[in-house]
Amino acid sequence: MGKIYKASLSRSQNREAWSIIFRHPVRKDKATGQSGLRVRQGLGTKDEQEAELLVQQMNEILADPSFWDASARPRAEATYDGRIVEIFYYKLTSEPTDFFSVRESILPLPAMDSDYRRILLVGTTGSGKTTVARQLLGTDPRSERFPSTSTGKTTIADMEMVLDSGLFRAVVTFMSHDQVLDYVQDCVSAAALGCARNEENSNIVRLLLNHVSQRFRLSYMFGNGPYVERMTDLDEYDTEEEILEDSGDAVEPIDLSVTNNQIASWVERLRTVATTVSNELRAALRPGKGDERVFEELFEEELDSRLHDDDDCQALVDEIMDEIDKRFELLAPGRVEKNRQGWPELWTWETEDRKAFLKTVARFSSNHAKYFGSLLSPLVNGIRVVGPFQPTWADEQPRLVIFDGEGLGHTPDSSASIPTSLTRRFDDSDIVLLVDNATQPMQAAPVVLMKSLAAAGKTSKLMMCLTHMDQVRGDNIPTFALRKQHVLASAENVLTSIGEQLGRFAERALRQSMQRGCFFVGSIDGQLIATSKVHQRSIDQLLELLAAVTAVRQLPELAVVRPVYDRVNLVLAVKNATEKFHEEWAIRLGLRSKPGFPKEHWTRVKALSRRLALGWSDEYDTLKPVADLHRNLQNDIYVFIQSPMKWDGPEPDDDEKQSTFDRLAEGISSRSLQLVTRRIRQERTEEWQLAYNCKGLGSTFSRAEIIDNDIYDRAAPIPDVAPSPDRNAFLHEVIAAVDEAAGVLDVQLA
């Protein structure tokens, strides 16, 4: 029958309501891969006697295995309190939440076939894409500063902004409780490792309050802690960071003196726990001469594992989660909706008051230190706002939906991949506006985006906005026209290189996109004033951008004749794509070496495996296996598309060929993404869990072997002369996807 767990009551300091704590007999703890997940959940009562009765009911369920299957829920509902039933059966059968659909159900976007145009803003971190969004919204860069900008990572949640009449409305969705809990445990583990290394308190607090990924910052909710210098002059922060006016704050900031005392207490308790556990570990592992590197790797992993099972450490995690929950109490305006477990799922609000609206919404997007202690930005995964926004330089309100999200990052490698979350948004957008810094144009990340759009047959959606033109200076470029030519010259080598890699039709399509939609702006980080010559030039460019966006753009008609392809060449394209994928990842995993291409650190590979094991994402930072395989297939198949065996009639001109090739590539790209996502992510969850759960000496190599052999080799085997079920299934599925896309256009594969 296995181990029987017992439930107990818990109540954190300064909290009146009771919680229940128990180990779940069915749900798996992802840290160990075994059943026995630790669950702590509020009971929704302050009455100790009532709470004791609920714990007794939970212990009856825990003692009876007949209740442990999801099918037994109706019987449990007829016997026990609904709160206990909900807590026990939570996530036994549930699927990941589609947060876009949640926002859509509350505040739907205008339909794709309406007179609205959807603009997807894309660019590297710091390129100015969110500043462009501000200009299109008409928000004041001083007093409103929405959306938030900074020179580093600011926009980490999906933002959807609609220019419409009527009230100001918003819906904000939050990360799940489990994902936030996992981030908190990561932060606690990092801080504990710092304690084990006897680092200073200030550094322990930094590790505790700022996740290593820089996408989850407890400091936004709790402040910077008790061991940092206090901010005495707000002007020090008056840079590109988001700043709100002092007067009329929508929510009173929390008293950080109480929070700072708690943080100091957490650090001391964590030192005690970490010292005890690390001393035991060092004695047990006993590094020998020459084994220090291996010892440190093993020590870090074992420390994390033991802390996960330590009751004192988990009690500290519980207190941090309680403090996070308390931050939602600061939201006086609006309505917070919680799930049945009491965790906030979304926040909605509408008002006529623009100032109050933007200040309140800023709690979910701001990164300004003045409001540390009351911000909820790290918990947000999506924000949608609708309201009577209008550019200050436009005579009338444009009909726009603006999508903004996380920047592409400053990758040094133009062979990198676009995140799949961004690729999927291409289909939902009318325009993909690439925002690039004119002072350093056409670096690797913008090139990656252009290649992705070309190979996906979506260059008709591409426009470019070059920012910081006011900073493009030189004795050889004294006029604006010469500065434009100087910036455009940077694109020449890039387009030629793309043509060499993806074929002349990719280069041709990108050149056409740049000719019909390339705009140059400067000084847009402030209000644009028509009396200024420099500002008027930017206003004119932005008006031209709006005119191009709002114009109806019909795709060219397809030629009457159709290309005919040889399936053998398609097989060769698939083989080439998968070979490159396996070679790239063998190097990353350390299973193969190549000069100039170092292996990834084991912690990054483990972080990737965790995200796929938990079903949160298909990538971690620059590690994007789904996107990598999709990119390779997309690129090689696009090259294949441009070389048909023949045409079924008179050969069309280049415009007709371009239209046919792009329409076919677009159909294949969306289908191949679905295929790759299913094979690498959805069908390999158990293998990703095995990879994540590897522990002990040699775990780095074992994890790499599982990923390479049990996941990649089975999900995307290289076609070979020696057939196998896996090879045949993958190849046939890719061919079927191409067949299906070709069939829609009456294109033949012989």
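Please read these numbers as outputs of a predicted model, since none were measured by experiment.
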[atom1]/[X] to [atom2]/[Y] distance, rounded to the nearest 0.5 angstrom?
X    : Y    : atom1 : atom2 : value
I680 : L629 : CD1   : CG    : 4.5 Å
L316 : Q262 : CG    : CD    : 10.0 Å
D69  : Y89  : CG    : OH    : 8.0 Å
S699 : N693 : OG    : CG    : 11.0 Å
L53  : M58  : CG    : CE    : 13.5 Å
F364 : L379 : CZ    : CG    : 9.5 Å

Next item on the list: Tell me, with the steps shown, if V188 and L208 meet side-chain contact (heavy atoms from CB on, under 4.5 Å).
Entry: CA-CA 6 Å; V188 169; L208 181 64; 4.0 Å; yes
Checklist line | Chi angles and distances behind the side-chain contact (heavy atoms from CB on, under 4.5 Å) call for L346, R103 | finding: CA-CA 8 Å; L346 61 90; R103 296 191 294 275; over 6 Å; no
Quick one about [Y] and [X] (side-chain donor to acceptor, distance below 3.5 Å, no hydrogens or angles considered), yes or no?
X    : Y    : value
T420 : R424 : yes
S377 : R217 : no
R83  : T45  : no

What heavy-atom pair brings [X] and [Y] nearest, and what distance separates the two atoms?
X    : Y    : result
C313 : L270 : SG-CD1, 4.5 Å
W688 : S609 : CE3-CA, 3.7 Å
R681 : W616 : NH2-C, 3.5 Å
S66  : A72  : O-CB, 3.4 Å
A7   : V55  : O-CG1, 3.6 Å
S10  : I21  : CB-CD1, 3.5 Å

Next item on the list: Just do the side-chain contact (heavy atoms from CB on, under 4.5 Å) check on T79 and I61 with the steps written out, would you?
Entry: CA-CA 10 Å; T79 308; I61 293 177; over 6 Å; no
Next item on the list: Could you please spell out the steps behind the side-chain contact (heavy atoms from CB on, under 4.5 Å) verdict for L109 and F100?
Entry: CA-CA 11 Å; L109 296 175; F100 181 89; 4.0 Å; yes
With a 4.5 Å limit on heavy-atom distance, are the side chains of [X] and [Y] in contact?
X    : Y    : result
L623 : W585 : yes
L209 : Y220 : no
D64  : E60  : no
Q185 : Q314 : yes
L608 : P625 : yes
Q689 : T685 : yes
K6   : N59  : yes
I707 : V605 : yes

Indicate yes or no for a side-chain donor-acceptor contact from [X] to the backbone of [Y] under 3.5 Å, with no hydrogens or angles considered.
X    : Y    : result
R327 : G373 : yes
R23  : Y5   : no
E619 : A627 : no
S366 : R363 : no
R679 : R714 : yes
W343 : D325 : no
R703 : C694 : yes
T276 : T272 : yes
R425 : S421 : no

Thinking salt bridges, do [X] and [Y] make one under a 4.0 Å N-O criterion?
X    : Y    : value
D322 : R40  : yes
R206 : E199 : no
R384 : E160 : yes
R73  : E86  : yes

Over 60° means perpendicular and under 30° means parallel, so classify the ring planes of [Y] and [X], tilted if in between.
X    : Y    : answer
H24  : F88  : parallel
F328 : F174 : perpendicular
F216 : H211 : perpendicular

Item checked: Test salt bridge (Lys or Arg N to Asp or Glu O under 4.0 Å) applied to R38 and D178, D318, D310, the passing residue -> D318
Notebook entry, point to check: Does E104 CD have over 12 foreign heavy atoms under 6.0 Å away?
Noted result: yes
Checklist line | Pi-cation contact, Y620 with R604 (under 6.0 Å, within 45°) | finding: no
